[in-house]
Every structure is written in C-alpha cells, then in structure tokens.
Amino acid sequence: MSKPSIFTEAIHAGEEPDPTTKALSTPIYQTSTFVFSNAQEAARIFAGEQEGYVYTRWGNPTLAALEGKMASLEGGQAAIATSSGMAAIATALFSAAKTGDHIVAPRALYGGTHHLFSEELPHLGFKISMVDARDPEEIAEAIRDDTKVIYIETPGNPLLELTDIPAVVEIARRRGLVTIADNTFATPFCQRPLELGVDLVVHSATKYLGGHGDTIAGIIVGLEEIIERARETTLRYLGSVLGPFDAWLILRGMHTLPLRMERHCANALALARFLESLPKVERVYYPGLPSHPQHDLARRQMTAFGGMISFEVRGGVEAGTRLLDGVRLCTLTASLGDVRTLISHPASMTHAANIVPREQRLAAGIRDGLIRLSVGLEDPNDLIEDLERALANL
Ligand code: LCS
C-alpha cells in the first residue's frame with residue numbers, strides 16, 4: 001500500500017486498539033511506574049535486554065502513541081514527547097551539543113527561544129551566533145571549527161521570515177553539523193523539514209498539534225538512532241517528560257490537524273489579502289502572499305502557507321493598541337494555533353523587553369507597531385468584519 005495521506009495518518013498512525021482491553025480510543029496510562037513479573041524480568045528490562053515499560057519518565061504507552069503518530073506525520077522514524085515546546089528545544093540542543101560548543105541560530109525567532117540562545121545557553125557555557133537566517137550565506141559565514149548545530153525556525157515567529165531549508169542542510173552536511181528546525185508555525189501539513197534533510201524537528205505541540213489551547217507540550221522528531229539516544233541520555237536525566245493526560249489531549253487534537261490546517265490556511269490567506277487591500281495597513285507579512293519577499297521560497301519548500309499573519313498599521317504603537325482594544329471576535333492573548341483567532345502585540349508580549357532586549361528585538365526587525373494574528377477556524381467573513389470595524393476606529 002502506498003503511504004497514506006496526512007488526513008489518514010493523522011487518524012490512524014501510532015494508534016492501535018489497546019492490546020489488553022481492546023479499547024478503541026488510546027487509554028490514558030496515568031501511572032508513574034510499571035510492575036515486573038519477577039526479579040529476573042525487572043533486571044532484563046532495566047538493562048535494556050527485554051522490551052517493557054519501566055517508569056513514565058523512561059516511556060509510557062500513551063506517550064508512545066503520540067510519538068508514533070508524530071513520527072509518521074513528519075516523515076521521521078521516532079519522536080519524543082516533552083513537557084513543553086521549550087523543553088523539546090532544550091532537549092534537542094542538549095542532545096546535539098555540549099558546553100563549549102558553538103551553535104548558529106536565527107535572530108528573528110520566538111521570544112522564549114531568543115532568550116534561551118541570547119541569555120541562558122551562554123550562561124551554561126554554550127557559544128551562540130545569531131544571524132539573519134533568511135540568508136544562507138550569513139549562516140555559512142558564522143560557522144567555526146567548534147560549531148556543532150545550526151538551529152532554524154521557519155516560518156519564524158512573529159515575522160514569518162523563511163529560511164531556505166535545503167540550502168542550510170547542504171551547508172550543514174558539508175561541515176558535519178546537526179540541523180534542528182522548529183516546525184511549529186508550519187506543522188507537517190505545510191512543511192516537512194525531515195524530508196528536506198534536516199536532522200531533528202522540534203515543535204511546540206501546545207499550538208496547532210493540540211489545536212485547542214488546553215495544554216502545554218512539545219515534541220522532537222527525527223531518525224530513530226538520534227531520538228533514542230536523546231531519550232536515553234538527555235530526556236531521561238533532565239526529566240522534561242510529558243504527562244500522559246497531556247499527551248492524550250495532543251493525540252486527540254492531532255486527529256483533526258490536517259482538517260484544521262486546511263481551514264487555518266484558507267482563512268489566513270483571505271485575511272492577509274483583506275488586510276493588504278487596506279490603506280490603513282502599512283505592511284502584511286504572510287508567506288502565501290505574492291508580495292512576501294520570500295514567496296518563491298515558500299512555494300518551493302512549503303505545501304501550504306499556514307495560519308499565522310503579522311501586520312503593521314499606520315500610526316505605529318498607538319494605532320496598534322487601539323486596534324488590539326477594539327477587536328471583539330479576535331482574542332487578545334499570547335499563544336497561537338488555537339481554533340479561536342488570537343491577536344497579540346509581540347513588542348509588549350512574546351518579545352517584551354524582559355525576554356528580548358528592545359535593541360535586539362528591533363535588530364531582528366520586530367517593530368513596535370507589529371501585530372500578530374493567529375487566524376482561527378471561524379467564518380472568515382466574521383473575522384474580516386471584526387477587523388474592519390476595529391480598523392475603522394483608528
Ligand atoms: N517555538 C515556537 C515557534 C513558539 O512560538 C513557541 C511558543 C515555542 C517554541 C515554545 O513552546 P511552549 O514551550 O510554549 O510550548 N510560542 C508562544 C507564543 O508565540 N506566544 O506564547 C507562546
């Protein structure tokens with residue numbers, strides 16, 4: 001049988017009726033530990049000579065279902081579910097690089113990840129170069145003898161900047177470096193970095209994968225050998241494992257991922273076109289618009305353009321603040337990838353000065369008046385009406 005489509009895999013991959021009870025819905029194995037039949041079996045399982053569950057920090061059947069489904073969807077061999085997107089990023093990085101190693105990362109990316117690279121990792125002795133990742137040449141030039149990892153986030157949060165994945169993979173392979181890509185904005189519905197040669201994909205599963213804004217989770221996907229080494233070393237001993245109930249929530253959300261993404265993408269394109277047509281809107285950032293400076297790259301490496309838009313209104317922060325306070329259907333909040341449309345102001349929220357210093361934020365191109373929209377699944381006409389009314393009052 002040919003590889004089933006993502007619509008089929010989202011429902012079937014990674015899940016089987018429960019082997020003991022035949023329950024169809026994957027059970028929530030809400031247990032910290034698993035019992036052994038006898039001392040000999042315990043010793044064999046602990047030693048890795050026999051398969052079997054030991055302790056949920058080492059593995060759990062509910063987590064295994066989520067990991068199997070995600071590995072399938074991303075075109076990887078194995079996956080690790082983690083307690084948050086940040087935990088996925090940290091676990092992936094700690095499994096690929098050690099104190100003293102050098103990492104190349106983008107300047108324009110999620111504020112929390114920016115903070116990890118610019119503050120926390122340097123405190124732990126990692127060397128970091130942050131570059132304009134739209135330009136593969138800049139990435140290549142930042143590589144040194146002690147470089148171990150190239151980290152990318154494409155499309156980037158919140159500017160929807162793209163990194164040329166095949167170009168980065170080629171640079172990394174020439175130098176024997178590990179590539180890690182944050183695929184949160186795209187999801188495997190829009191982009192599959194592993195199929196383009198990336199070594200590890202990380203996600204904030206909190207977002208589109210879960211899709212309903214009800215839990216925090218992360219996931220790492222890649223080759224079995226790399227993933228299992230990361231599980232048995234970094235994850236097991238740093239301990240950022242996901243709880244079984246949270247894993248189940250993400251698993252349930254993922255059944256409808258492709259359906260939701262189809263609608264997120266269609267709604268986002270409709271809203272991006274609408275916003276671009278308004279004189280009060282200065283700029284719209286959406287990879288699906290022909291006006292996006294990297295639209296051709298988007299068409300080459302993405303199969304759809306996602307549900308995230310950023311834009312700037314004329315009148316800067318003041319006008320932007322009035323817009324944020326004027327919307328009724330769009331919800332003013334952090335996070336993204338929810339069924340609801342979420343609106344946020346990166347400069348005072350995800351990229352606020354205590355997370356990313358103002359000058360570093362501006363250097364990354366994230367201006368004071370930028371507004372970010374995570375376009376939900378509502379009727380696009382209702383969303384357009386909401387934004388039209390709020391914009392009329394600027
Ligand atoms: N990667 C990206 C691209 C993100 O946008 C986020 C969170 C993370 C990783 C971290 O994932 P978490 O640990 O939160 O599951 N982004 C957020 C945002 O834009 N608003 O609130 C959180």
Side-chain angles (χ1 to χ4, degrees), residues 66 70 74 80-93 105-118 120-121 133 151-163 165 180-188 190-191 193 198 200-221 235 238 240-243 246-247 249-250 253-254 264 285 287 302 306-310 324 330-338 340-352 354-356 361 364 366 370-376:
L66 169 60
M70 204 45 208
E74 281 287 5
I80 295 174
T82 60
S83 54
S84 67
M86 291 311 300
I89 295 167
T91 304
L93 286 170
R107 211 173 279 141
L109 79 174
Y110 167 56
T113 318
H114 189 292
H115 185 90
L116 180 70
F117 282 121
S118 60
E120 304 306 328
L121 291 178
Y151 184 91
I152 59 174
E153 181 184 293
T154 181
N157 180 358
L159 285 173
L160 287 306
E161 288 180 357
L162 306 188
T163 300
I165 300 175
I180 303 177
D182 185 327
N183 205 31
T184 300
F185 266 37
T187 81
C190 300
Q191 175 175 275
V198 157
L200 291 173
V201 158
V202 292
H203 274 276
S204 170
T206 314
K207 312 294 171 6
Y208 292 106
L209 302 182
H212 294 74
D214 48 19
T215 190
I216 300 282
I219 200 141
I220 314 171
V221 196
L235 180 79
L238 291 184
S240 46
V241 72
L242 185 63
D246 300 280
L249 286 173
I250 303 293
M254 281 182 61
H264 280 300
Y285 304 83
M302 301 178 80
M308 297 299 298
I309 301 176
S310 288
L324 293 170
C330 303
T331 306
L332 177 61
T333 180
S335 204
L336 59 106
D338 200 322
R340 298 163 190 78
T341 294
L342 313 179
I343 195 164
S344 71
H345 177 230
S348 67
M349 296 168 66
T350 47
H351 295 69
N354 58 327
I355 303 168
V356 182
R361 170 173 59 76
I366 303 163
L370 187 79
I371 290 170
R372 193 188 73 181
L373 209 52
S374 167
V375 183

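Counting starts at 1 for both ligands and their atoms, in listed order. Remember, it's a predicted structure, so these values are computed and weren't measured experimentally. We use all heavy atoms of the structure for the numbers below, so side chains are in, but hydrogens, waters and symmetry mates are not.
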Quiz item: Under 4.0 Å from ligand 1, counting heavy atoms only, is it the side chain of P158, its backbone, both or neither?
Solution: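 It is neither part, as no heavy atom is under 4.0 Å.
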
Quiz item: Hey, is M349 touching ligand 1 through its side chain, its backbone, both or neither, going by heavy atoms under 4.0 Å?
Solution: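 M349 to ligand 1: no contact under 4.0 Å from either part.
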
Self-check item: With H203 via ring-ring contact (aromatic ring centres under 6.0 Å, His included) - residues at least two apart
Solution: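 Scan of H203 (ring-ring contact (aromatic ring centres under 6.0 Å, His included), adjacent residues dropped) gives none.
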
If we only count N/O pairs under 3.5 Å, is [X] in contact with ligand 1?
{"X": "S204", "result": "yes"}
{"X": "T350", "result": "no"}
{"X": "K207", "result": "yes"}

Which atoms from ligand 1 have a heavy atom of [X] less than 4.0 Å away?
{"X": "R372", "value": "18 (C), 19 (O), 20 (N)"}
{"X": "A217", "value": "15 (O)"}
{"X": "D182", "value": "1 (N), 2 (C), 3 (C), 9 (C)"}
{"X": "I89", "value": "9 (C)"}
{"X": "E153", "value": "3 (C)"}
{"X": "L336", "value": "5 (O), 19 (O)"}

Looking only at protein heavy atoms, identify the closest one to [atom] and say how far it is in Å.
{"atom": "atom 5 (O) of ligand 1", "answer": "N157 ND2, 2.9 Å"}
{"atom": "atom 12 (P) of ligand 1", "answer": "G85 N, 3.4 Å"}
{"atom": "atom 4 (C) of ligand 1", "answer": "Y110 CG, 3.5 Å"}

Quiz item: So which of T184, L336, N183 actually passes side chain to side chain contact (heavy atoms under 4.5 Å, CB included) with Y208?
Solution: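 Of all the options given, the one that passes is L336.
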
Self-check item: Sub-4.0 Å heavy-atom approach of S335 to ligand 1
Solution: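 S335: in contact with ligand 1 (<4.0 Å).
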
Practice problem: Identify the heavy atoms of S335 and R372 that sit nearest to each other, and give their distance. | Solution: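 For S335 and R372, the tightest heavy-atom pair comes out as O-NH2, 3.0 Å.
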
Exercise. Could you check T154 against Q191 for side-chain contact (heavy atoms from CB on, under 4.5 Å), going step by step and ending with a plain yes or no?
Key: CA-CA 9 Å; T154 181; Q191 175 175 275; 3.9 Å; yes

To the nearest 0.5 Å, what is the distance between [atom1] on [X] and [atom2] on [Y]?
{"X": "I371", "Y": "L324", "atom1": "CD1", "atom2": "CG", "value": "4.5 Å"}
{"X": "I80", "Y": "I219", "atom1": "CD1", "atom2": "CD1", "value": "9.0 Å"}
{"X": "H114", "Y": "N157", "atom1": "NE2", "atom2": "CG", "value": "12.0 Å"}
{"X": "H115", "Y": "N354", "atom1": "NE2", "atom2": "CG", "value": "8.5 Å"}

Quiz item: Would you find a donor on one side and an acceptor on the other, under 3.5 Å apart, between the side chain of E74 and the backbone of V201?
Solution: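 A pair under 3.5 Å: no.
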
Exercise. Would you tell me whether T82 and T91 have side-chain atoms, one donor and one acceptor, within less than 3.5 Å of each other?
Key: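 Distance-only check fails for T82 and T91.
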
